[in-house]
Amino acid sequence: MVKLANPEESQVKKATRAAFGATLAELADSGVPVVAVDADLSGSTTTKKFADAKPEYEGRLFNTGIAEQNMIDVAAGLALTGKVAFTGSFAVFGTGRVYDQIRNTVCYSNLDVKIAPTHAGVSVGPDGGSHQMLEDVSLMRGLPNMRVLVPADFSAARSALKIAAATPGPVYVRMGRASVPSVYAEGVDLEMGRAYVLREGTDATIVACGVEVEQALKAADILADEGVSVEVIDAFSVKPLDVDTIAASAAKTGRVVVAEEHSIYGGLASAVAEALAQTRPVPMRFVGMRDVFGKSGEFEELLGYFGLDAAAIVEAVKSLMA
């Protein structure tokens, strides 16, 4: 079982995007031939921290300007020279605007390009619905050769980036803008294809990813006070999904709620439903964005507005219990 943040650590809030540039520098220090390609957003994505870490790393960050399709093609070219290429930008641009290039240039040729945009989901907040990418996991999950990791906090993001660098071929790492509490202890090492049982329970299972993991743990505390025991699973690796762990939990509890800061169509909810339909069918509920675009507002405000917070997860569990 992985080590979780202690009560003092859990109070520390960091954005998952804050791990990006610093982890690239750490990988470069260890001899990994990493390069970063960004589309004029290196300050926001934090890839600039990689370039600033050492003078010799400045030449390993390539800024293509506001030309995201070119960003992917440049990364593909660098990968063909033996580099491990990470792309930046915001998720709405870094997956949506460049889908054709990711599909036909990166995934079709199975190149060593890591698609690692930031500012995914409603955590973008005041930037509004045009910039709140809620379909990216669906887009990336559907691509052959692509793996999909959705870290819950800063430590998990750092681990995800290291996994991506060590995994041949395309990997998608989804990162957000908002600062979120720590779920895992500092320096945690996670694995591709693994889901993690963070809390054991008997009455229902909550499978979550990204910022929803912390909300799921809050929901578990609320339900425990009411005498309901729930199991909380972090589906850190959305593709490949850890079907065995999730199915075993579903067999034990008989009820599953899936929570994600993403559309309920095509993302984690779909992945879990597809898996359980073939292995352990149980009643399910989905907490996520329901066929709508986002709105401008503060992150915490939007979680409540769209029914993505702990209270919404509690209600989903209760509806299954009924």
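Note: hydrogens, waters and symmetry copies are ignored here, and every other heavy atom, side chains too, is used. One is the number of the first residue; the rest follow in order along the sequence.
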Item to check | Same cluster (ILVMFWY, side-chain, under 4.5 Å), Val238 and Val171 | outcome: no
Next on the checklist: With a 3.5 Å distance limit and no angle check, can you tell me whether Thr167 reaches the backbone of Ala164 through a side-chain donor-acceptor pair?
Outcome noted: no
Next on the checklist: If hydrophobic clusters are built by linking Ile, Leu, Val, Met, Phe, Trp and Tyr wherever their side-chain heavy atoms come under 4.5 Å apart, do Met71 and Leu78 end up in the same one?
Outcome noted: yes
Next on the checklist: Do Ser182 and Asp153 make a side-chain contact, defined as non-hydrogen atoms from C-beta onward lying under 4.5 Å apart?
Outcome noted: yes
Next on the checklist: Let me confirm one number: the OH-CZ distance from Tyr108 to Arg103, rounded to the nearest 0.5 Å.
Outcome noted: 8.5 Å
Checklist outcome for this item: Distance col, row Gln69:CD vs Thr105:OG1, nearest 0.5 angstrom, shows 10.5 Å
Checklist entry - Taking side chain as C-beta onward, heavy atoms only, is Pro281 less than 4.5 Å from Leu276? => result no
Checklist entry - Does a donor on one side chain and an acceptor on the other come within less than 3.5 Å for Glu231 and Ser249? => result yes
Next on the checklist: Tell me if a side-chain donor or acceptor on Asp203 pairs with a main-chain N or O of Ser229 at a distance below 3.5 Å.
Outcome noted: yes
Next on the checklist: Taking Lys49's backbone N and O only, do any of them form a donor-acceptor pair with Thr46's side chain (distance below 3.5 Å, no angle check)?
Outcome noted: no
Item to check | Short side-chain to backbone donor-acceptor contact, Ser159 and Ala156, under 3.5 Å | outcome: no
Checklist entry - Tell me, do Arg147 and Lys239 make a side-chain contact under 4.5 Å, heavy atoms counted? => result no
Next on the checklist: Taking CD in Glu58 as the centre, count heavy atoms belonging to other residues, nucleotides or ligands within less than 6.0 Å. Is the count above 12?
Outcome noted: no
Next on the checklist: Rounded to the nearest 0.5 Å, what separates atom CZ in Arg97 from atom CE in Met133?
Outcome noted: 11.0 Å
Item to check | Heavy atoms from other residues, nucleotides or ligands near CD1 of Ile66 exceed 12 (cutoff 6.0 Å) | outcome: no
Next on the checklist: Does any part of the side chain of Tyr184, heavy atoms only, come nearer than 4.5 Å to the side chain of Leu190, both counted from C-beta?
Outcome noted: yes
Item to check | Chi angles and distances behind the side-chain contact (heavy atoms from CB on, under 4.5 Å) call for Ser42, Leu61 | outcome: CA-CA 9 Å; Ser42 59; Leu61 171 62; 4.2 Å; yes
Checklist entry - Stepwise, does the side-chain contact (heavy atoms from CB on, under 4.5 Å) test hold for Val98 with Ile115? => result CA-CA 10 Å; Val98 300; Ile115 311 299; 5.9 Å; no
Checklist entry - Between Pro283 and Gly254, what is the shortest heavy-atom contact and its length? => result CD-O, 3.3 Å
Checklist entry - When rounded to the nearest 0.5 angstrom, what distance separates CG in Asp242 from CD1 in Ile233? => result 8.0 Å
Item to check | Least distance between heavy atoms, Gln215 atom then Ala310 atom | outcome: OE1-N, 2.9 Å
Checklist entry - What are the two closest non-hydrogen atoms of Met140 and Ile102, and how far apart are they? => result CE-CD1, 4.0 Å
Item to check | Positive for side chain to side chain contact (heavy atoms under 4.5 Å, CB included) with Val230, one of Leu217, Thr205, Asp221, Ile206 | outcome: Ile206
Checklist entry - What heavy-atom pair brings Val232 and Ala220 nearest, and what distance separates the two atoms? => result CG2-CB, 3.8 Å
Next on the checklist: With a 4.0 Å cut-off on N to O distance, would you call Asp112 and Lys114 a salt bridge?
Outcome noted: yes
Checklist entry - Side-chain heavy atoms under 4.5 angstrom apart, residues restricted to Ile, Leu, Val, Met, Phe, Trp, Tyr: same cluster for Val150 and Tyr172? => result yes
Checklist entry - Would a 4.5 Å heavy-atom cut-off, applied to side chains only, mark Val180 and Lys14 as touching? => result no
Checklist entry - Just one of Phe90, Phe93, Phe20 clears the ring-ring contact (aromatic ring centres under 6.0 Å, His included) bar with His119, so which one? => result Phe90
Checklist entry - Does a side-chain heavy-atom distance below 4.5 Å link Pro170 with Met146? => result yes
Next on the checklist: If we ignore hydrogens and angles and just use 3.5 Å, is the side chain of Ser123 paired with the main-chain N or O of Arg177 as donor and acceptor?
Outcome noted: yes
Checklist entry - Between Glu274, Glu260, Glu135, which is the residue that forms a salt bridge (Lys or Arg N to Asp or Glu O under 4.0 Å) with Arg141? => result Glu274
Checklist entry - Charged N to carboxylate O below 4.0 Å: is that the case for Asp136 and Arg174? => result yes
Checklist entry - With hydrophobic residues grouped by side-chain heavy-atom distances under 4.5 Å, do Leu149 and Val113 end up in a single group? => result no
Checklist outcome for this item: Smallest heavy-atom separation, Ala251 atom then Arg280 atom, equals CB-NE, 3.5 Å
Checklist entry - How many angstroms lie between CG in Leu134 and CE in Met289, if you round to the nearest 0.5 Å? => result 5.0 Å
Item to check | Inter-residue atom distance Thr95.OG1 - Glu68.CD, 0.5 Å rounding | outcome: 10.5 Å
Item to check | Sub-4.5 Å side-chain heavy-atom contact between Arg17 and Ser44 | outcome: yes
Item to check | Ser263 (side chain) donor-acceptor with Tyr265 (main chain) under 3.5 angstrom | outcome: yes
Next on the checklist: Can you confirm whether the side chains of Asp38 and Thr64 place a donor and an acceptor under 3.5 Å from each other?
Outcome noted: no
Item to check | SB check Glu301 Lys295 (cutoff 4.0 Å) | outcome: no
Checklist entry - Does the distance from a Lys or Arg side-chain N to an Asp or Glu carboxylate O, for Lys162 and Asp189, drop under 4.0 Å? => result no
Checklist entry - Considering residues, nucleotides and ligands other than Glu226, do more than 12 of their heavy atoms fall under 6.0 Å from its CD? => result yes
Item to check | Note, Val124 side chain near Val122 side chain (heavy atom, < 4.5 Å) | outcome: no
Checklist entry - Under 6.0 Å from the NZ atom of Lys48, do we count more than 12 heavy atoms belonging to anything else shown? => result no
Next on the checklist: Under a 3.5 Å threshold, yes or no: a donor from one side chain and an acceptor from the other, between Ser319 and Arg285?
Outcome noted: yes
Next on the checklist: Before you tell me yes or no, could you show the steps for Val92 and Gln132 under side-chain contact (heavy atoms from CB on, under 4.5 Å), namely the whole-Å CA-CA distance, both residues' side-chain angles and the distance that decides it to 0.1 Å?
Outcome noted: CA-CA 7 Å; Val92 69; Gln132 291 167 4; over 6 Å; no
Checklist entry - Stepwise, does the side-chain contact (heavy atoms from CB on, under 4.5 Å) test hold for Val84 with Val35? => result CA-CA 6 Å; Val84 179; Val35 293; over 6 Å; no
Item to check | Exercise: do Tyr99 and Asn104 side chains pair donor with acceptor under 3.5 Å | outcome: no
Checklist outcome for this item: Smallest heavy-atom separation, Gly267 atom then Ser138 atom, equals N-CB, 4.4 Å
Next on the checklist: Looking at Arg199, I want to see if its CZ is surrounded by more than 12 non-hydrogen atoms of other residues, nucleotides or ligands under 6.0 Å.
Outcome noted: yes
Item to check | Enclosure of Glu186 CD (heavy-atom neighbours >12, cutoff 6.0 Å) | outcome: no
Checklist entry - Should Leu268 and Leu139 be regarded as members of a common hydrophobic cluster, given that ILVMFWY residues are connected when their side-chain heavy atoms come within less than 4.5 Å of each other, either directly or indirectly? => result yes
Checklist entry - Short question: side chain of Glu214, backbone of Val211 - any donor-acceptor pair under 3.5 Å? => result no
